[in-house]
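A short write-up of the structure that comes next.
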Amino acid sequence: MTSTSTEPQDTGRQDTERQDLGRQRSGGASTGAAGPAPAWAEPSDTPLALLLLGQGSDPASERGVDCPGELPAASDPGLVARAAAAKAALGDSVFVLGHHYQRDEVIQFADVTGDSFKLAREAAARPQAEHIVFCGVHFMAESADILTGDAQTVILPDLAAGCSMADMAALPQVETAWEVLADAGIADVVVPVTYMNSSADIKGFVGRHGGVVCTSSNAKRALDWAYEQGEKVFFFPDQHLGRNTAVLEMGFTLDDCVLYDPHKPAGGLTAQQLRDAKIILWRGHCSVHGRFSLDSVNDVRARVPEVNVLVHPECRHEVVNAADLIGSTEFIIRTVEAAPGGSAWAIGTELNLVRRLAKAHPDKQIMFLDKTVCYCSTMNRIDLPHLVWSLEELVAGRVANPIRVDPQTAAHARRALDQMLALP
Ligand code: 13P
Ligand code: SF4
């Protein structure tokens with residue numbers, strides 16, 4: 001299995017090779033203005049509302065619901081000591097996982113931090129932990145539940161920590177889309193691939209149809225595998241990761257990609273368009289990474305001539321095209337760690353991570369790619385009061401906010417997740 005841990009893979013090539021999932025643009029860390037805009041253009045916004053948190057939201061969706069418990073006050077000066085005491089009392093029975101987009105106040109209590117791929121592997125590798133407290137978002141906790149044993153419990157400190165991207169693909173929509181492919185006569189040759197950032201239902205669908213889950217650190221390997229199984233790929237729910245991987249890493253053209261819009265009849269595509277496509281992209285995106293624009297890249301290059309632009313593959317194609325390096329959160333961290341002192345980095349990913357990198361590397365100039373401050377609001381739902389509450393509930397012998405995927409969905413989803421973990 002390809003490592004996702006600490007060292008970038010040395011491929012021996014410097015200009016066009018991705019490391020792990022990272023990609024360096026031709027010519028290395030460019031210093032000039034971004035090149036001409038590509039033919040592809042961002043479609044207008046999805047009609048789906050993005051973040052309907054709290055009361056009145058659909059509890060079956062990734063958006064989750066309000067916290068059902070008595071939360072400690074955020075102003076309580078004893079929160080850090082309370083979290084430390086609860087964790088110490090729980091000892092090895094609890095294991096805390098923290099995604100890189102979590103707040104510092106939460107990350108300080110994580111036993112392991114990582115991107116979604118690393119955290120899925122870490123969850124699967126802790127059979128001795130009775131409770132896994134997942135400081136991340138709902139789809140990550142679901143995947144951890146699927147990958148852990150029946151006697152283990154996965155806890156999400158705030159059930160409102162959903163993901164707007166995962167919400168953009170609902171099972172009935174995906175089932176309808178599969179019927180559209182069947183009507184076009186191509187369902188038998190299409191392999192479904194879903195980004196980790198999708199509900200357990202969607203992973204179950206993909207497992208039932210012989211597909212695979214991927215993350216931003218193994219999307220190319222997942223697509224390579226999928227094209228060995230069939231002729232075409234249906235990629236859910238992040239159009240950008242799908243397009244960026246297909247075009248920048250697999251040699252497909254933008255014309256090989258079509259965009260399936262679940263809000264239009266037959267996805268807004270003709271049967272011939274579906275038959276001609278090599279990759280069918282679901283019309284979903286990340287509301288955080290979708291903010292970065294070609295203008296932000298051009299602006300920072302004009303302001304800081306030696307800057308290296310490093311972005312996550314959830315960014316739009318035109319942004320990724322104009323960047324110097326592309327990769328998952330784990331790749332972004334390793335790249336900055338390995339960079340020489342004095343180098344300048346404009347980073348296109350969630351702000352908690354960029355701020356943490358800036359703090360950890362005062363000898364390097366690290367800036368957020370967008371001019372406007374932008375956190376992932378659902379990642380930020382997990383704060384210290386929620387973490388303290390879930391840990392203290394465990395100390396009291398109660399399990400707050402367990403995430404349990406129904407066994408049938410879990411069995412199908414597990415097939416697609418295991419296939420991901422087995423990728424070469
Ligand atoms: P990775 O953890 O795969 O880098 O993905 C980032 C993300 O958006 C998680 O929600
Ligand atoms: Fe979802 Fe984007 Fe937030 Fe990740 S950063 S949890 S993909 S909205």
Side-chain angles (χ1 to χ4, degrees), residues 4 18 20-23 46 48-53 61-64 97-103 107 110 112-123 134-144 156 158 160-169 194-199 202 213-222 236-242 244-245 282 284-292 310-316 320 325-336 347-354 356-357 368 370 374-382 417 420:
T4 57
R18 298 219 176 201
D20 191 354
L21 306 162
R23 167 179 166 272
T46 172
L48 206 72
L50 287 181
L51 297 170
L52 303 176
L53 293 169
S61 89
E62 274 288 310
R63 296 175 185 112
L97 296 173
H99 188 271
H100 292 309
Y101 294 163
Q102 291 289 294
R103 299 159 178 261
I107 281 290
V112 165
T113 59
D115 63 5
S116 25
F117 181 65
K118 183 176 168 194
L119 294 180
R121 286 208 317 188
E122 289 286 346
F134 211 119
C135 299
V137 288
H138 192 257
F139 70 79
M140 297 179 182
E142 280 188 329
S143 298
L156 185 65
D158 184 350
C163 166
S164 53
M165 179 203 286
D167 277 350
M168 290 176 193
T194 189
Y195 191 21
M196 180 69 99
N197 303 21
S198 57
S199 67
I202 303 301
V213 175
C214 75
T215 71
S216 54
S217 47
N218 58 21
K220 179 182 183 304
R221 297 200 300 279
F236 309 101
D238 186 10
Q239 56 170 300
H240 300 303
L241 179 64
N244 290 332
T245 309
W282 191 262
H285 66 272
C286 167
S287 46
V288 176
H289 292 91
R291 293 179 56 88
F292 301 113
L310 170 58
V311 302
H312 195 279
E314 285 174 20
C315 293
R316 292 183 270 168
V320 166
L325 291 158
I326 304 115
S328 75
T329 50
E330 201 68 19
F331 173 80
I332 289 171
I333 292 168
R334 294 195 309 256
T335 302
V336 172
I347 303 182
T349 196
E350 208 270 347
L351 187 52
N352 276 311
L353 173 56
V354 180
R356 197 172 301 126
L357 283 170
F368 190 53
D370 198 14
C374 184
Y375 293 97
C376 171
S377 59
T378 46
M379 281 279 180
N380 264 2
R381 296 290 301 200
I382 313 288
L417 279 163
M420 174 188 80

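Every number for a ligand or one of its atoms is a count from 1 in the order of the listing. Here the structure is a predicted model, which means the values were calculated and not measured.
The residue Met165 has no part lying near ligand 1, judged by heavy-atom distances below 4.0 Å. No part of Val137 comes within 4.0 Å of ligand 1, judged by heavy-atom distances. Residue contacts with ligand 2, taken as heavy atom pairs separated by less than 4.0 Å, do not involve Glu350 at all. The proximity of Phe117 to ligand 1, defined as any non-hydrogen pair under 4.0 Å, does not occur for either the backbone or the side chain. When heavy-atom distances to ligand 1 are checked against a 4.0 Å cut-off, His312 comes that close only through its side chain, counted from C-beta outward.
Relative ring orientation between Phe368 and Phe292 is described as perpendicular, the plane-to-plane angle rising above 60° on a 0-90° scale split at 30° and 60°.
Of all atoms in ligand 1, numbered sequentially from 1 with element shown, those under 4.0 Å from a heavy atom of Asp115 are 1 (P), 2 (O), 4 (O). Of all the atoms in ligand 1, the ones that sit under 4.0 Å from a non-hydrogen atom of Ser116 are 1 (P), 2 (O), 3 (O), 5 (O). Counting atoms of ligand 1 from 1 in the listed order, those under 4.0 Å from a heavy atom of Ser328 are 4 (O). Those atoms of ligand 1 that come under 4.0 Å of a heavy atom in Met140, given as number and element, are 9 (C), 10 (O).
Nearest protein heavy-atom contact of atom 8 (O) of ligand 1 is Glu314 OE2, 2.8 Å. Of the protein's non-hydrogen atoms, the one nearest atom 3 (O) of ligand 1 is Ser216 OG, 2.6 Å.
Residues satisfying the side-chain contact (heavy atoms from CB on, under 4.5 Å) criterion with Ile333, sequence neighbours excluded, are His100, Glu337, Leu353, Leu357.
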Mind running side-chain contact (heavy atoms from CB on, under 4.5 Å) on His285 and Glu314 for me, showing each step along the way? CA-CA 7 Å; His285 66 272; Glu314 285 174 20; over 6 Å; no
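Legend: protein N/O/S atoms lying under 2.8 Å from atom 1 (Fe) of ligand 2, waters omitted, number 1.
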